[in-house]
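Written below as structure tokens is the structure these notes are about.
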Amino acid sequence: MRSISITRPDDWHIHLRDRDYLVKTVKDVSRYFGRAIVMPNLTPPVTSIEEAKKYLERINRLLDSDSNFRPLMTLYLTEQMSDEVIREVKRSDFIHAIKLYPAGATTNSESGVRSIENVYPLLEVMEEEDVVLAIHGEVTDQNIDVFDREKVFIDNHLIKIRRTFPNLRVVFEHISTNDAATFVAESGNKIAATITAHHLLFNRNHLLAENLRAAYYCLPILKRDTHQQGLVKAATSGDSHFFLGTDSAPHPRFAKESACGCAAGAYTSHAAIELYAEVFDQAGQLKNLEAFASHNGPDFYELPRNSDQIILTKKSWEIPSHYAFGNDSLVPIRAGELVHWTVTG
């Protein structure tokens with residue numbers, strides 16, 4: 001069997017949810033990731049240093065005493081945020097980014113930003129203090145086709161943000177189009193992008209062709225196969241602009257398979273690095289997995305790389321059909337199917 005050893009990876013975009021749901025999500029993310037950037041879109045959202053500290057404490061209580069996993073917290077950007085909160089983030093040793101959600105763009109984004117220009121004064125402070133801005137890059141105008149919302153966000157907002165704040169470090173989260181990959185690759189060293197396993201593995205045919213597959217519904221929505229191929233090329237290229245961010249976003253089964261609608265989010269933490277390894281293996285670029293998973297993220301966030309290793313072996317295992325999740329169950333990506341890589345050390 002083939003095995004590779006890589007520096008312990010990190011997850012630079014994850015949703016752990018809260019309370020009873022943390023039992024599952026914390027267990028999965030701490031299996032082999034060294035760190036993870038934890039999203040703040042709880043109900044209510046995490047908008048203050050004190051709220052982030054309490055959330056961190058709830059996560060840490062579920063970690064094993066010998067765990068070396070470190071949650072990296074974020075705050076939820078609102079138009080009411082003060083300059084002083086941003087300066088407190090800079091002084092903090094546990095908050096590493098502020099997340100911009102356009103209002104209505106995704107799960108628990110109702111409190112997000114309604115006018116990007118209204119937060120320009122806050123972005124100016126973030127640039128001055130060198131605080132990372134993480135962006136869910138989609139417009140929410142209902143007249144814009146859902147498959148075009150990322151591209152329109154680039155054209156209408158991100159280009160202007162980059163021009164206005166050239167020294168602001170920006171992470172364009174969970175990119176889903178060739179347009180985003182090209183923009184990031186050509187935009188200098190102050191912008192980077194996370195790419196999810198599900199956007200690398202699947203396209204909109206997997207979601208829509210035959211029956212609607214609720215487990216594959218996420219935002220940004222899966223795009224056509226040409227965009228999927230472009231993302232694979234970017235992720236596996238070794239380009240330091242791109243790094244691992246699962247956007248693993250669990251929902252209880254009743255919310256994912258509801259007659260009233262399907263909650264947006266794909267759960268991949270149960271097999272994250274294994275799924276990425278499949279992608280890199282299929283592309284013939286396993287040599288670049290370590291940079292994508294373990295080097296580019298900490299380098300951009302100006303944190304040390306992890307010092308230890310994990311071992312991945314090409315050995316298949318079957319993902320369960322569901323997992324316990326609070327008082328319900330959780331259907332993961334690739335439920336009941338084989339994954340062809342295993343963490344063996």
Side-chain angles (χ1 to χ4, degrees), residues 4-14 29-30 32-39 68-75 89-100 123 126-137 158 161-162 165-175 180-197 199-200 231-248 272-273 276-277 279-280 283 285-310 312:
I4 61 169
S5 177
I6 65 170
T7 303
R8 184 173 300 279
D10 302 300
D11 186 346
W12 297 96
H13 181 147
I14 195 169
V29 73
S30 61
Y32 47 68
F33 283 123
R35 295 162 291 199
I37 287 277
V38 180
M39 291 295 106
N68 292 318
F69 173 74
R70 181 186 173 200
L72 308 177
M73 309 309 289
T74 61
L75 292 191
V89 166
K90 181 61 177 180
R91 294 192 295 266
S92 164
D93 62 356
F94 64 94
I95 300 177
H96 293 268
I98 297 177
K99 180 65 178 281
L100 191 163
L123 301 188
M126 291 178 66
E127 183 181 42
E128 291 172 359
E129 296 290 338
D130 194 26
V131 173
V132 173
L133 174 69
I135 297 181
H136 181 119
L158 195 52
I161 289 171
R162 296 292 305 126
F165 307 103
N167 292 313
L168 176 65
R169 281 188 291 155
V170 175
V171 179
F172 193 176
E173 303 280 21
H174 47 48
I175 62 170
T182 299
F183 177 81
V184 170
E186 295 176 352
S187 293
N189 62 4
K190 294 293 184 179
I191 186 167
T194 56
I195 306 180
T196 76
H199 283 102
L200 295 173
L231 294 175
V232 170
K233 182 178 179 180
T236 63
S237 67
D239 187 332
S240 62
H241 285 91
F242 305 104
F243 46 83
L244 188 158
T246 64
D247 190 27
S248 183
I273 196 66
Y276 282 109
V279 172
F280 279 71
Q285 296 293 341
L286 272 175
K287 66 181 184 296
N288 289 331
L289 177 61
E290 184 175 45
F292 177 82
S294 312
H295 294 170
N296 298 344
D299 292 354
F300 186 82
Y301 274 90
E302 298 179 353
L303 293 169
R305 297 175 181 179
N306 295 316
S307 58
D308 56 343
Q309 306 271 310
I310 67 167
L312 282 155

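Residue numbers start at 1 and run along the sequence shown.
- Taking the six-membered ring for Trp and the full ring otherwise, Phe172 and Phe183 have centroids separated by 6.0 Å or more.
- For the atom pair CD (Glu186) and CD1 (Ile191), the distance works out to 11.5 Å, reported to the nearest 0.5 Å.
- Closest non-hydrogen pair, Asp239 versus Ala185, comes out as OD2-CB, 3.9 Å.
- The aromatic rings of His174 and His136 lie perpendicular to each other, with more than 60° between the two planes, well past the 30° mark.
- The side-chain heavy atoms of Asp247 and His199, taken from C-beta on, include no pair separated by under 4.5 Å.
- Contact check for Ile37 versus Tyr301: side-chain heavy atoms found under the 4.5 Å cut-off.
- Of the options His295, Arg35, Arg70, Arg305, a side-chain hydrogen bond (donor to acceptor under 3.5 Å, both in side chains) to Asp10 is made by Arg35 and by none of the others.
- Atom CD1 of residue Ile4 and atom CD of residue Gln309 lie 10.5 Å apart, to the nearest 0.5 angstrom.
- Rounding to the nearest 0.5 angstrom, the gap separating the NZ atom in Lys233 from the CZ atom in Phe242 is 11.0 Å.
- Across Ala277 and Leu286, no two heavy atoms sit closer than the pair O-CD2, 3.9 Å.
- Across Lys90 and Val131, no two heavy atoms sit closer than the pair CB-CG2, 4.1 Å.
- In terms of heavy-atom proximity, Lys99 sits nearest to Ile135 at CE-C, 3.9 Å.
- Using modelled atom types, no side-chain atom of Tyr276 and backbone atom of Phe292 make a donor-acceptor pair closer than 3.5 Å.
- In plain terms, the two heavy atoms of Ala234 and Ala181 that are nearest each other are CB-CB, 4.1 Å.
- Between Leu168 and Arg162, the shortest heavy-atom contact is O-NH1, 3.4 Å.
- Checking side-chain atoms of Glu127 against main-chain N and O of Asn167 turns up a donor-acceptor pair under 3.5 Å.
- By the 4.5 Å heavy-atom criterion applied to side chains, Phe280 and Asn288 are counted as neighbours.
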Take Val171 and Trp12 through the test side-chain contact (heavy atoms from CB on, under 4.5 Å) and record every step on the way to the result.
CA-CA 10 Å; Val171 179; Trp12 297 96; over 6 Å; no

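- Of the possible polar contacts, none joining the His241 side chain to the Asn296 backbone as a donor-acceptor pair under 3.5 Å is found.
- Side-chain contact between Asn306 and Ser294: absent, with no pair of heavy atoms (C-beta onward) separated by less than 4.5 Å.
- Two residues are said to be in side-chain contact when any heavy atoms from C-beta on lie closer than 4.5 Å; Arg8 and Asn68 fail this criterion.
- Residues Val170 and Phe165 form no side-chain contact, since every pair of their non-hydrogen atoms from C-beta on lies 4.5 Å or further apart.
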Does Ile175 form a side-chain contact (heavy atoms from CB on, under 4.5 Å) with Ile195? I'd like the steps, not just the answer.
CA-CA 6 Å; Ile175 62 170; Ile195 306 180; 3.8 Å; yes

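- With hydrogens and angles ignored, the 3.5 Å screen pairs no side-chain donor or acceptor of Thr7 with any backbone N or O of Ser307.
- Once rounded to the nearest 0.5 Å, the distance linking CD1 of Ile273 with CG of Leu244 reads 5.5 Å.
- Here the CG-CZ distance, from Asn189 to Arg169, works out to 10.5 Å after rounding to the nearest 0.5 Å.
- Taking 4.5 Å as the limit, every side-chain heavy atom of Thr74 sits out of range of all side-chain heavy atoms of Val38.
- From Phe94, atom CZ reaches atom CG of Leu72 across 11.5 Å, with rounding to the nearest 0.5 Å.
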